[in-house]
Structures are given as structure tokens and as C-alpha cells.
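Below: one structure, written as C-alpha cells.
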Amino acid sequence: MQGLGGLLLATSFFLPTDGCIVYSAIPAEAAADWIKDPGFKKDLVGFAGFILLVAPHLYGLMTLVLALRFVSGNRSGEQLIGRSMAVLLGATAASVIILICWEMRQVYLGVEESLIVVAAVIASLYLLAALARGVVGLLHLRWFGSVCCCLAFWLPCLTTFFLWLTDGGARFGLFVSLGGAVLIGTGAYAEAKIRCGRGWLVTLGQLACCRLKLLPTGEPRCTKCGYLLIGLTTERCPECGQPFRWSDFASLKKDQ
């Protein structure tokens, strides 16, 4: 499900999608026009807008790559992709702050703008917390990224969204993007619910607070980074330094 969502979100980059940012524009064409602009590299605000344009689709591509690696059994590079995903989402949050503050530079921020800035700051803190949680954090990033994508595509267009239903399909890529984001979020939630063995409300709460606690996988692994602990003589993960106790894994032997 997450792989299909990533595919839809990534390919929507080449479909009429971002009617909220660039009216009736295909994101790939808008991005190319931005890059060709001689002042693009010097314009911080323009670069921030460029990041907001391409970030959801890059996030979808990363999710697709992770899903393909999972299916193929090649789990190498997960941490690198996770860090890249966190950097991408962090850059998106920073871009939101830059654009809001720039647009309101001559007047005080209103209530709506202030709430958006606060939300972007909270999102940045969430990303830092997820980044520090290793393999579990990657699941948080997939879920959180899908929520951000849904909000990015839905909220700015809320007043005109239903009018687009009769728009002759001029922005059909928007629906593809929304569908992809929803699939990723639903798949990440379902994965979290299965892997933590809790109810739907507890699972959502743990995802939202970046405090997901997974069930044992049948092998003694570090709870922070997922490193396999078999053969160690000290009770400390050599990969990330997280301390542990062998007694915590006693139940694994009973279940096998």
C-alpha cells in the first residue's frame, strides 16, 4: 500500500497537480521554469517555494524506494533514506516559515500565519525526535510525511476543491497526489498498529507523539536503531550506544 502511494505521489510530479501554488501548472514544468530563472539561486524566497513544490513528490519517491527494498529483501540504506526524508521534511518546514515571514515582513503576523509558523516549528521538533529513533523513527517519518502531504494539497485548496470536480479534469493530478498521500499514511498506520500490537487510538497517539513502541520481532535487536544484538558480551548497542538488558529478551526464547 505504501509503495503504491509512493508511486502515485512521485508520478504526480508530471501531472497537473499544484493548482494551489501555480495555477493549472504541471509541477515538473514549473520546477524547470524556476531553475531556468537567472535569479533562482539568489532568491531565498523563490527557492523556498521551489522546495514546497517538489518536496511531496520527492517524499513519494523515497517511500517507493523503501517499499521496493522491503519487497526485495535488501534492507541496506534504510537509515540513509530515513535521514534524507527527515532533511527533506525539515527543509519543507523551514520553507513554510520563510515564506510566511517574508509575506508578512511589513506587518505583524496574524493569528493564522502565527499558527502556521508554530506548527512548522513543532513539526521540526517532531522530525528531530524521529531521526533519533532509528528504524522506528523511519516509520514515524513515513506517517508524518503523509499527513503533511495531505495538508499541503488539501487545506490551501479547500475553498475551491469541489469546484474542481467539474473542472474537466484540468487538475486531475491533484487527486492522484491526495490518493498517494492517503495510501502512504494508511499503510504506515496499519504497519504501526500491527508492529506495536495496540488499539487504533493508542497507535495514533504514539505516532503523533513519536513514541511508538514495537513488539519483539523474535530476535534480540536494539530498540533504538534495530541492530542485531546476538553475540555481544556487553549490554550496550555497538551501533548507537543504547544500553539494554538481556532479561528484556527472555520472553523471545519462550515464544520460539
Side-chain angles (χ1 to χ4, degrees), residues 5 9 17-23 27 30-31 34 43-60 62-63 81-134 136-161 174 177-178 180-182 184-186 188-189 192 196 200-213:
L9 200 51
T17 303
D18 283 287
C20 310
I21 301 175
V22 182
Y23 289 97
W34 247 320
D43 185 4
L44 179 62
V45 177
F47 188 69
F50 174 80
I51 292 177
L52 289 179
L53 181 68
V54 303
H57 311 289
L58 284 177
Y59 161 78
M62 291 178 182
T63 305
I81 297 177
R83 293 189 185 98
S84 301
M85 191 176 288
V87 170
L88 176 66
L89 294 173
T92 304
S95 299
V96 170
I97 296 174
I98 290 172
L99 288 176
I100 290 293
C101 292
W102 179 263
E103 290 181 0
M104 305 300 296
R105 65 190 185 280
Q106 294 180 347
V107 296
Y108 291 106
L109 293 180
V111 175
E112 182 179 352
E113 292 81 7
S114 299
L115 289 176
I116 294 175
V117 172
V118 170
V121 172
I122 294 176
S124 301
L125 296 176
Y126 184 98
L127 294 174
L128 291 175
L131 191 59
R133 298 205 63 197
V136 181
L138 185 55
L139 180 54
H140 283 97
L141 289 174
R142 291 201 301 272
W143 176 82
F144 182 73
S146 70
V147 173
C148 291
C149 287
C150 288
L151 293 177
F153 286 118
W154 177 266
L155 288 182
C157 314
L158 193 59
T159 56
T160 58
F161 186 84
L174 176 67
S177 301
L178 275 172
V182 170
I184 294 174
T186 304
Y189 160 75
C196 74
W200 67 272
L201 187 59
V202 174
T203 302
L204 281 178
Q206 290 183 352
L207 281 172
C209 299
C210 200
R211 289 292 183 270
L212 195 66
K213 297 179 180 179

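Nearest heavy atoms, Ala86 versus Leu131: CB-CD1, 3.8 Å. Looking at every heavy atom in both residues, Gly82 comes nearest to Leu138 through CA-CD1, 3.4 Å. Here the closest heavy-atom approach between residue Trp200 and residue Tyr189 is recorded as CB-OH, 2.7 Å. Between Ala192 and Leu212 the shortest heavy-atom distance is CB-CD2, 3.7 Å. Gln206 and Lys213 make their closest contact through OE1-N, 3.4 Å (heavy atoms, listed as atom of the first residue, atom of the second, distance). Here the shortest heavy-atom pairing between Leu88 and Ala55 reads CD2-O, 3.5 Å.
Note on ring orientation: taking the six-membered ring where Trp is involved, the planes of His140 and Tyr126 are perpendicular (angle over 60°, cut-offs 30° and 60°).
Inter-residue side-chain proximity for Cys150 and Val182 is flagged as met; some heavy-atom pair is nearer than 4.5 Å. The side-chain heavy atoms of Thr92 and Cys148, taken from C-beta on, include no pair separated by under 4.5 Å.
Ser95 contributes atom OG, which lies 11.5 Å from atom CD1 of Ile100 (distance to the nearest 0.5 angstrom). Between atom CZ of residue Arg211 and atom CZ of residue Arg133 there is a gap of 6.5 Å, rounded to the nearest 0.5 Å. Atom CG of Leu89 sits about 11.0 Å away from atom OG of Ser84, to the nearest 0.5 Å. Once rounded to the nearest 0.5 Å, the distance linking SG of Cys149 with CZ of Phe144 reads 10.5 Å. Between the CG atom in Leu204 and the CH2 atom in Trp143 there is a gap of 6.5 Å [rounded to 0.5 Å].
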- prompt: Do Thr63 and Met85 pass the side chain to side chain contact (heavy atoms under 4.5 Å, CB included) test, and can you show the C-alpha distance, the side-chain angles, and the key distance before you say yes or no?
  reply: CA-CA 9 Å; Thr63 305; Met85 191 176 288; 4.0 Å; yes
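Listed by chain and residue number, Leu44, Ala48 satisfy the side-chain contact (heavy atoms from CB on, under 4.5 Å) test with Ile98 (two or more places apart in sequence, or in another chain).
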